[in-house]
Protein chains: 2
Amino acid sequence: MSDKEIPNIIVGRLPLYLRSLQRMKKEDRQITSSQELGERIGISAAQIRKDLSQFGEFGKQGTGYTIDYLIKQIRRILHIDQEWDIAVIGAGDIGSAVARYKGFANRGFRVTVIFDGDPGKIGAQIGDFTVQDSAYMVDMIKKTGIRIAMIAVPAAKAQQVADQLVEAGIQAILNYAPINLNAPSNVRVQYIDPSIHLQRMTYYLE
Amino acid sequence: MSDKEIPNIIVGRLPLYLRSLQRMKKEDRQITSSQELGERIGISAAQIRKDLSQFGEFGKQGTGYTIDYLIKQIRRILHIDQEWDIAVIGAGDIGSAVARYKGFANRGFRVTVIFDGDPGKIGAQIGDFTVQDSAYMVDMIKKTGIRIAMIAVPAAKAQQVADQLVEAGIQAILNYAPINLNAPSNVRVQYIDPSIHLQRMTYYLE
DNA sequence: AGCCATTTGTGCAAATGAGCACAAACAGCG
DNA sequence: CGCTGTTTGTGCTCATTTGCACAAATGGCT
Ligand SMILES: NC(=O)c1ccc[n+]([C@@H]2O[C@H](COP(=O)([O-])OP(=O)(O)OC[C@H]3O[C@@H](n4cnc5c(N)ncnc54)[C@H](O)[C@@H]3O)[C@@H](O)[C@H]2O)c1
Ligand SMILES: NC(=O)c1ccc[n+]([C@@H]2O[C@H](COP(=O)([O-])OP(=O)(O)OC[C@H]3O[C@@H](n4cnc5c(N)ncnc54)[C@H](O)[C@@H]3O)[C@@H](O)[C@H]2O)c1
């Protein structure tokens with residue numbers, strides 16, 4: 001393990017390893033190997049070993065990896081040995097689904113607030129949350145110090161919302177709107193767009 | 001353009017090009033360049049030109065690309081010069097959101113049926129759809145010849161649903177459940193998991 | 001018509017990523 | 001305790017991917 005910058009592509013795989021490991025843990029497994037992990041995820045054992053070795057020596061020769069320990073290590077590497085608060089913008093279908101989603105628990109995240117601009121939605125109850133007026137969004141995010149946001153507003157409004165989020169100090173955005181966002185380079189942006197995934201598959205269907 | 005197999009990574013970028021081009025078209029633009037497209041998406045102009053050149057010569061030197069024409073070409077390459085029918089499995093929060101989603105129109109897809117196993121949900125109305133009993137899922141998919149499905153059931157049920165889908169002849173699965181699926185190699189699988197994307201960003205936050 | 005500013009498509013080189021294969025380490029067992 | 005069967009971490013090689021840089025093509029302008 002050196003302290004050279006870790007390639008993006010390796011960082012991108014760590015969450016996949018983690019998800020599989022947490023699954024194994026749920027199945028009451030104690031130990032696994034790069035071989036088994038690779039088969040579950042569909043990548044080579046050597047690659048997993050090499051990826052992990054970028055960050056330290058977590059395995060034991062002849063035995064494999066202690067699942068609990070490796071989970072702890074990867075969580076530490078990914079900085080999810082804590083819970084990150086998340087703001088959701090847009091209380092429509094997707095925003096509501098995300099706000100009610102139980103799956104962030106134990107993955108390092110917790111939705112803490114949801115905003116919408118529609119007077120008809122402001123004040124409504126969604127799961128445990130009361131929809132907040134997005135007019136106060138920038139202030140509230142600044143005050144609470146939330147650093148991660150998910151955009152779930154129509155594409156036409158997404159850039160404008162992103163600009164506000166940046167102003168509010170948000171440092172990571174997960175964007176559900178099917179549009180590329182402009183953001184300063186110190187703000188991370190990731191995208192979720194089901195059409196993109198579907199189109200990546202139809203190429204292979206005749 | 002040769003007929004050698006196209007790398008996956010290139011196929012994966014085509015939908016991004018397409019999304020940006022369709023955006024430009026909406027902005028009433030007629031012509032664009034690899035330069036502009038690259039800036040919007042955040043990748044190099046040379047890469048875009050090289051990617052596209054794998055499939056033919058679509059641009060004009062000194063001018064650039066005619067947006068309409070390039071859209072048509074990419075749609076053809078990705079086999080979305082048609083509308084694919086999609087079955088949604090699971091009428092919970094995510095399944096409902098997807099079934100009501102208007103964004104598949106003009107992107108090559110159309111949800112045509114949604115299934116659920118819960119008697120409390122079967123028969124319910126979601127957008128334009130009546131929730132179908134998943135007991136008839138395999139039969140109905142076989143009969144209608146649907147080839148693409150989206151899984152939106154709890155992780156614990158996802159593999160079992162996937163197995164049924166494969167049996168029903170489904171050839172492409174978009175899985176929202178946070179779990180890796182086993183499927184025969186002739187069935188394409190893609191995943192959407194917001195936790196994964198969030199974790200890819202927290203690595204870069206201290 | 002000739003010139004200038006653009007922009008494509010691509011050969012080639014550089015950078016990045018993946019995989020092989022093996023020494024070293026370790027557990028279990030007789 | 002020594003032997004056997006595993007599995008890790010990694011040096012090295014091979015494959016893939018990206019980027020540079022330029023000839024060729026094109027349109028607009030004088
Ligand atoms: N529903 C899906 O399955 C799905 C799938 C993929 C992508 N998306 C994308 O996610 C986004 C949301 O989709 P949806 O189906 O939930 O739409 P929706 O219309 O149900 O909800 C959008 C919400 O955003 C709110 N909004 C609009 N402008 C706002 C602003 N400036 N500030 C705060 N709130 C604002 C609206 O009031 C509305 O409640 C869209 O960009 C859509 O393309 C949705
Ligand atoms: N809600 C989100 O924002 C979100 C985000 C990411 C991932 N997910 C994942 O998507 C999946 C669905 O999430 P959700 O929030 O919609 O859950 P949900 O509990 O609201 O809905 C799940 C639905 O699946 C149905 N179901 C269960 N077993 C079934 C079966 N065998 N056949 C057909 N239907 C069946 C249930 O009756 C229920 O209606 C989960 O795997 C979840 O982890 C959800």
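By the side-chain contact (heavy atoms from CB on, under 4.5 Å) test, B:K72 is found to be paired with no residue, residues two or more places apart in sequence or in another chain being considered. Taking B:A135 as the reference, B:D133 meet the side-chain contact (heavy atoms from CB on, under 4.5 Å) condition, with sequence neighbours excluded.
Residues A:I122 and A:D116 share a closest heavy-atom pair of CG1-O, 3.5 Å.
For the 3.5 Å distance criterion, the side chains of A:Q164 and A:Q160 fail to qualify, holding no donor opposite an acceptor. Between the side chains of B:Q73 and B:R76, at least one donor N or O sits under 3.5 Å from an acceptor N or O. A:Q47 and A:D51 form no side-chain donor-acceptor contact under 3.5 Å, judged by distance and modelled atom types alone.
Classification of the B:H79-A:Y203 ring pair by plane angle, with boundaries at 30° and 60°, yields parallel.
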A correct 5'-to-3' footprint of nucleotides 19-30 of chain C, with B, S and - meaning base, sugar-phosphate only and no protein heavy atom under 4.0 Å, is B-B--BBBS---

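Regarding contacts with the backbone of C:dG9, a side-chain N or O of B:Y65 is found under 4.0 angstrom from either OP1 or OP2. The phosphate of D:dT17 (OP1 or OP2) has no side-chain N or O of B:R13 nearer than 4.0 angstrom.
Regarding A:I48, its CD1 atom lies at a distance of 16 Å from the C1' atom of D:dT10, rounded to whole Å. When rounded to the nearest whole Å, the span between CG of A:D51 and P of D:dG9 equals 12 Å. One interatomic measurement links the two molecules: CD of B:E5 to P of D:dT17, which rounds to 11 Å at whole-angstrom precision. In this structure, B:L37 atom CG and C:dT6 atom C1' are separated by 17 Å, rounded to whole Å. Atom pair B:Q54:CD and D:dT18:P shows a separation of 11 Å (rounding to whole Å applied). Rounded to a whole Å, the CG atom of B:L52 is 15 Å from the C1' atom of D:dT18. Look at CZ on A:F58: it is 9 Å from P on D:dG9, rounded to the nearest Å. Rounded to whole Å, the distance from OH on A:Y69 to P on D:dT8 is 15 Å.
In the region residues 25-34 of chain B, proximity to DNA chain C at under 4.0 angstrom, judged on heavy atoms, holds for B:S33, B:S34.
Counting non-hydrogen atoms under 4.0 angstrom, B:I9 reaches the backbone sugars and phosphates but no base.
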Which pairs would a plain distance check flag for residues 175-189 of chain A, meaning a side-chain donor or acceptor within less than 3.5 Å of a matching protein atom at least two apart in sequence or in another chain?
unit_1	atom_1	unit_2	atom_2	d
A:N175	OD1	A:A177	N	2.9
A:N175	ND2	A:A177	O	3.1
A:N175	ND2	A:I179	O	3.0

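Listed by first and then second residue, the side-chain hydrogen bond (donor to acceptor under 3.5 Å, both in side chains) pairs involving residues 134-155 of chain A are A:R147-A:Q171 (not counting sequence neighbours).
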